[in-house]
Amino acid sequence: MLNNTQIRQCLDAMAEMFPDAEGELVHSNPFELVIAVLLSAQCTDKLVNKVTADLFQKYKTPEDYLAVPLEEVENDIRSIGLYRSKAKNIQKLCRTLLDDYNGEVPQTKEELVKLAGVGRKTANVVASIAFNEPAIAVDTHVERVSKRLGICRWKDSVIEVENTLMRKVPRDEWSVTHHRMIFFGRYHCKARNPNCPECPLLELCREGKKRMKKTG
DNA sequence: CTCCCGATAT
DNA sequence: ATATCAGGAG
């Protein structure tokens, strides 16, 4: 496991590699962000942006998504994958916004996770990006990077990873760290073919050293 | 735990 | 062909 100094090295290296890391989901208000993040589950941001380009032209409000049959929403997001459950969740979420929140997106994580299709990770992303609430959303990249580097243990659950990061990273760096870890994971410490040979963190990375030994 | 599920990289 | 993609619900 890495000590606090080594974790600091990780954060600094990621900051140097990806100084401009930020969310890549295109949106112009909290409602669009919720829809975009919901759609992004098990799916790349690039593909989500391709779909929402048309989607957000057609559907501006919760009422708009409820004014058409479920099959029409399904069809409009089909290329995303998991489209049946996501379409159903979108309409259910819109119904809740109208019934319980006056058509607005609630601002706290506690309220956000009550919405259909919004779990812990999505709630963290929305709270962080739309409402400036410090949060570390643990997705597949954050989890993989944290475990490979040794910031947390391999067997840790998503919530344990999140708690460890919140404990080890200063609160005012949570959101930016979240984005940098995602960029680091997406473009450098990739799931399939991590770029260990050119990694500034190789010397303190247990997984990286193991891989370098294996593949030369 | 399983299921949802199309697009993409390898 | 197959693993993986900014997960969540049942």
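For the numbers below, each heavy atom of this structure counts, side chains included, while hydrogens, waters and symmetry mates do not. Numbered from 1 within each chain, the chains take letters A, B, ... in sequence-line order. All values reported here derive from a predicted model rather than from experimental measurement.
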Check your understanding: Nucleotide range of DNA chain B contacted by chain A, 5' to 3', under 4.0 Å to a heavy atom?
Key -> B/dC4 to B/dT10

Exercise for review: Return yes if a side-chain donor-acceptor contact under 3.5 Å exists between A/D76 and A/Y59, otherwise no.
Suggested key: yes

Revision key, fill the gap. Between A/S85 and A/K50, the residue closer to the 5' end of DNA chain B by nearest nucleotide is A/S85

Check your understanding: For A/R186, which contact category applies under a 4.0 Å heavy-atom criterion: base, sugar-phosphate, or nothing?
Key -> base

Point to revise | Spacing of the P atoms in C/dA6 and B/dC3 (rounded, Å) | key: 24 Å

Review point. Checking all strands, does A/I77 fall into the base, sugar-phosphate, or nothing category for heavy-atom contacts under 4.0 angstrom?
Key: nothing

Exercise for review: Tell me, with the steps shown, if A/L39 and A/L55 meet side-chain contact (heavy atoms from CB on, under 4.5 Å).
Suggested key: CA-CA 11 Å; A/L39 290 173; A/L55 195 71; 3.9 Å; yes

Check your understanding: Looking at side-chain heavy atoms only, is the closest gap between A/K121 and A/V138 below 4.5 Å?
Key -> no

Check your understanding: Checking all strands, does A/G81 fall into the base, sugar-phosphate, or nothing category for heavy-atom contacts under 4.0 angstrom?
Key -> base

Check your understanding: If you pin A/K46 and A/N89 to their nearest nucleotides in DNA chain C, which one's is more 5'?
Key -> A/K46

Review point. Atom CG of A/L82 to atom P of C/dT4: distance rounded to whole Å?
Key: 16 Å

Check your understanding: Quick check: are there more than 12 heavy atoms from other residues, nucleotides or ligands sitting under 6.0 Å from CD of A/E198?
Key -> no

Practice item. May I ask you to say whether A/R167 pairs ionically with A/E162, meaning some side-chain N is under 4.0 Å from a carboxylate O? Key: no

Review point. With a non-hydrogen cut-off below 4.0 angstrom, is A/V125 in contact with a base, only sugar-phosphate, or nothing?
Key: base

Check your understanding: When you check the gap from the basic side-chain N to the acidic O, do A/D12 and A/R8 get nearer than 4.0 Å?
Key -> yes

Practice item. Indicate, with a heavy-atom threshold strictly under 4.0 Å, whether A/G185 touches base, sugar-phosphate, or nothing. Key: nothing

Point to revise | Gap in Å between the two P atoms, one belonging to C/dG10 and one to B/dC5, rounded | key: 13 Å

Point to revise | Rounded distance in Å - CG (A/D45) to P (C/dC5) | key: 12 Å

